[in-house]
2 protein chains.
Amino acid sequence: MDKRKMKYLPHKTIERLSQYRRALLLCQANGKTHIFSHEIATIQHITAVQVRRDIMLIGYTGTLRKGYNIADMISLIGKILDSEKVQNIAIIGMGNLGVAITKYFSGKRTKLEIAAAFDVNPVKIGKKYSGVECYHINQIIKIIKEKDISIGIITVPSTETIIIKNILVKSGIKGILNYTPKPVNVPDDVYLEEYDMTTSLEKVAFFVKMH
Amino acid sequence: MDKRKMKYLPHKTIERLSQYRRALLLCQANGKTHIFSHEIATIQHITAVQVRRDIMLIGYTGTLRKGYNIADMISLIGKILDSEKVQNIAIIGMGNLGVAITKYFSGKRTKLEIAAAFDVNPVKIGKKYSGVECYHINQIIKIIKEKDISIGIITVPSTETIIIKNILVKSGIKGILNYTPKPVNVPDDVYLEEYDMTTSLEKVAFFVKMH
DNA sequence: AATTTATTGTTAATTAATTAACAGCAAAAG
DNA sequence: CTTTTGCTGTTAATTAATTAACAATAAATT
Ligand SMILES: NC(=O)c1ccc[n+]([C@@H]2O[C@H](COP(=O)([O-])OP(=O)(O)OC[C@H]3O[C@@H](n4cnc5c(N)ncnc54)[C@H](O)[C@@H]3O)[C@@H](O)[C@H]2O)c1
Ligand SMILES: NC(=O)c1ccc[n+]([C@@H]2O[C@H](COP(=O)([O-])OP(=O)(O)OC[C@H]3O[C@@H](n4cnc5c(N)ncnc54)[C@H](O)[C@@H]3O)[C@@H](O)[C@H]2O)c1
């Protein structure tokens with residue numbers, strides 16, 4: 001698939017591709033070789049049209065009455081989502097959430113690797129969390145360069161969010177995933193994704209109340 | 001504000017209201033009494049138009065050249081988002097993520113309360129996590145009734161997601177926040193919110209690679 | 001007192017995302 | 001061999017969300 005086109009894939013399609021891939025890997029592990037759009041839709045709890053539309057956007061075509069070749073689709077999604085070389089990630093703030101995330105991601109995806117953790121608490125410095133070494137935050141610029149880290153996950157207390165964001169931007173990081181409730185802004189060449197758990201929970205509570 | 005209108009607030013507006021409120025509470029704590037739309041916008045890193053549009057949708061009006069009264073806005077957002085009585089929450093799966101979330105939320109928001117935790121691991125049953133008692137999963141229907149729990153947070157291994165979702169729906173829960181990567185579907189009268197961390201990270205990685 | 005400035009509130013326009021509609025066709029059924 | 005069925009791929013329509021435009025006006029400035 002053409003690189004120029006990929007840039008223009010809708011954000012929501014990118015998200016779904018990530019999910020399709022994991023679903024397809026599961027199907028493949030169960031010995032399936034082909035799959036219909038409506039089967040993917042059922043797994044993901046979305047509509048078959050949406051699945052076909054996403055597949056159209058990435059330029060793949062299935063075979064009529066046989067569906068999509070699972071192996072081919074996995075490989076194509078990989079070509080779209082994955083970088084050729086490993087993308088290294090830093091996680092900043094090894095508290096409850098930071099440790100949980102590190103454990104969750106470490107050694108899972110081959111093309112994404114948590115390469116370093118950072119904290120200020122002396123108890124944590126030098127320790128390894130699921131194989132990831134924790135460094136003092138004042139080492140971060142050096143380590144990011146050394147380990148060619150391009151993505152940062154922020155899990156520090158929200159009072160520290162801006163400081164950490166600034167350090168990350170300064171050290172040339174190109175993507176930030178901010179899990180603190182303090183919104184940040186970044187230069188145009190840095191991609192930012194924020195998730196606020198309190199917001200999600202309050203949203204659920206609102207719609208429950210409204211019933 | 002009219003209850004009928006509230007139902008039709010856009011989802012994104014609901015999310016931002018939750019965030020405005022927390023920002024406003026901070027401002028209030030700093031002794032501020034009034035705030036302009038562009039100030040809120042700066043804090044949230046969005047546009048002032050969007051802030052004013054959201055405020056318009058909830059039917060509040062500021063005063064020209066003076067801005068919005070912070071206390072009034074906090075109170076109005078409370079009337080919209082909060083239920084009159086406390087909304088009780090159950091969290092299912094007290095692993096890394098479940099424990100982190102429980103710690104994070106417990107005793108924070110007055111109108112939302114984590115009222116019970118559930119697991120299958122005998123080591124965890126009977127223990128308290130940040131003041132929240134952990135029960136065996138086979139007690140869940142009883143406890144949900146007893147404690148009038150209307151919201152469930154799922155943090156079990158993804159192999160268990162569907163089982164837990166079914167139990168929650170069966171026991172009459174009205175809102176589910178699913179943090180496992182296994183998508184679920186629910187009847188119309190249950191509100192569902194899903195968040196998949198891997199998707200977020202792969203999305204960041206994609207846009208970083210595309211640069 | 002007249003003019004300028006800064007800000008709100010709202011409508012209109014634009015962009016993004018989803019959903020509907022359907023043509024095309026290979027395989028299955030008759 | 002002909003018809004029906006079931007699925008793909010794509011265009012068109014719809015809906016949701018954001019952004020632009022600007023009228024109204026209170027306060028500040030001249
Ligand atoms: N725990 C959760 O489930 C949860 C959920 C949603 C959001 N959050 C947010 O995630 C963030 C972390 O939450 P947590 O529960 O893990 O908190 P935590 O207090 O357990 O962890 C924060 C960690 O950051 C470290 N830290 C502090 N200042 C630092 C700095 N300048 N540089 C590097 N490290 C620093 C601390 O030493 C600590 O280890 C918070 O902003 C919180 O609001 C947490
Ligand atoms: N840890 C993270 O940062 C993270 C991030 C994103 C998503 N997740 C997802 O969240 C879920 C939990 O992750 P985790 O890291 O906390 O895993 P974990 O293994 O530490 O915790 C899972 C817990 O669920 C319990 N459990 C298992 N079956 C159960 C059942 N039938 N009923 C009740 N409890 C049961 C286990 O005993 C365990 O305590 C997983 O689905 C994971 O994919 C975790």
Side-chain angles (χ1 to χ4, degrees), chain A residues 1 5-20 24 32-70 72-73 76 183 185 191-194 199 203 206-207, chain B residues 1 5-20 24 32-70 72-73 76 183 185 191-194 199 203 206-207:
Chain A
M1 135 145 254
K5 272 192 187 158
M6 283 201 243
K7 280 212 184 193
Y8 304 114
L9 290 172
H11 284 216
K12 296 282 179 168
T13 295
I14 296 296
E15 291 176 12
R16 282 188 298 263
L17 288 176
S18 160
Q19 288 162 4
Y20 296 160
L24 291 169
K32 242 172 120 69
T33 63
H34 289 77
I35 194 164
F36 296 126
S37 61
H38 67 258
E39 290 178 296
I40 300 178
T42 301
I43 298 170
Q44 297 303 122
H45 303 297
I46 58 180
T47 65
V49 194
Q50 186 147 73
V51 172
R52 291 205 302 277
R53 210 167 198 304
D54 288 333
I55 292 174
M56 184 194 87
L57 289 173
I58 64 173
Y60 183 63
T61 55
T63 44
L64 210 50
R65 288 228 153 204
K66 218 176 155 193
Y68 305 95
N69 179 300
I70 292 178
D72 288 355
M73 251 186 93
L76 177 59
N185 80 333
Y191 182 83
L192 172 69
E193 182 86 8
E194 304 195 294
T199 297
K203 191 179 171 193
F206 171 79
F207 286 108
Chain B
M1 131 146 258
K5 272 192 188 161
M6 281 200 242
K7 281 212 184 190
Y8 304 113
L9 290 172
H11 284 213
K12 296 281 180 173
T13 296
I14 297 296
E15 291 176 12
R16 283 189 296 264
L17 288 176
S18 160
Q19 287 161 4
Y20 296 160
L24 291 169
K32 242 172 120 71
T33 63
H34 288 76
I35 193 164
F36 296 126
S37 62
H38 66 260
E39 291 178 295
I40 300 178
T42 302
I43 298 170
Q44 299 301 124
H45 302 299
I46 58 179
T47 66
V49 194
Q50 186 147 71
V51 172
R52 292 204 302 279
R53 209 164 198 304
D54 287 333
I55 292 174
M56 185 194 87
L57 289 174
I58 64 173
Y60 182 63
T61 56
T63 44
L64 210 50
R65 288 227 152 205
K66 219 177 155 190
Y68 304 94
N69 180 299
I70 291 178
D72 288 356
M73 250 186 94
L76 177 59
N185 80 332
Y191 182 82
L192 172 69
E193 183 86 7
E194 304 195 294
T199 297
K203 191 179 171 191
F206 171 80
F207 286 107

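The structure displayed is predicted, hence computed values, not measured ones. Residue numbering restarts at 1 for every chain, and letters A, B, ... go by the order of the sequence lines.
- Considering only heavy atoms from C-beta on, Glu194(A) comes within 4.5 Å of Pro183(A) through its side chain.
- For the pair Glu15(A) and Phe206(B), the minimum side-chain heavy-atom distance is 4.5 Å or more.
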Could you go through residues 56-67 of chain B and list every donor-acceptor pair under 3.5 Å that involves a side-chain atom there, pairing it with any protein atom two or more places apart or in another chain?
| residue | atom | partner | partner atom | Å |
| --- | --- | --- | --- | --- |
| Tyr60(B) | OH | Asn69(B) | N | 3.3 |
| Thr63(B) | OG1 | Gly67(B) | O | 3.4 |

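- His11(B) and Phe207(A) have tilted rings, their planes meeting at an angle from 30° to 60° on a 0 to 90° scale.
- The nearest pair of heavy atoms linking Ala48(B) to Ala41(B) is N-CB, 3.5 Å.
- Of all the residues in residues 35-48 of chain B, not one reaches under 4.0 Å from DNA chain D with any non-hydrogen atom.
- Taking 4.0 Å as the cutoff to heavy atoms of chain A, we find the contact window on DNA chain D bounded by dT5(D) to dA12(D).
- Considering only heavy atoms from C-beta on, Ile55(B) comes within 4.5 Å of Met73(B) through its side chain.
- Judged as a side chain to side chain donor-acceptor pair (under 3.5 Å), and not counting sequence neighbours, Lys12(B) has no contacts.
- For Gln44(A), there are no side chain to side chain donor-acceptor pair (under 3.5 Å) partners, not counting sequence neighbours.
- By the 4.5 Å heavy-atom criterion applied to side chains, Ile46(A) and Arg16(A) are counted as neighbours.
- A side-chain donor-acceptor contact under 3.5 Å links Glu39(A) to the backbone of Phe36(A).
- Residue Asp54(B) contributes atom CG, which lies 15 Å from atom C1' of dT8(C) at whole-angstrom precision.
- Against DNA chain D, the stretch residues 61-69 of chain B makes heavy-atom approaches under 4.0 Å through Leu64(B), Arg65(B).
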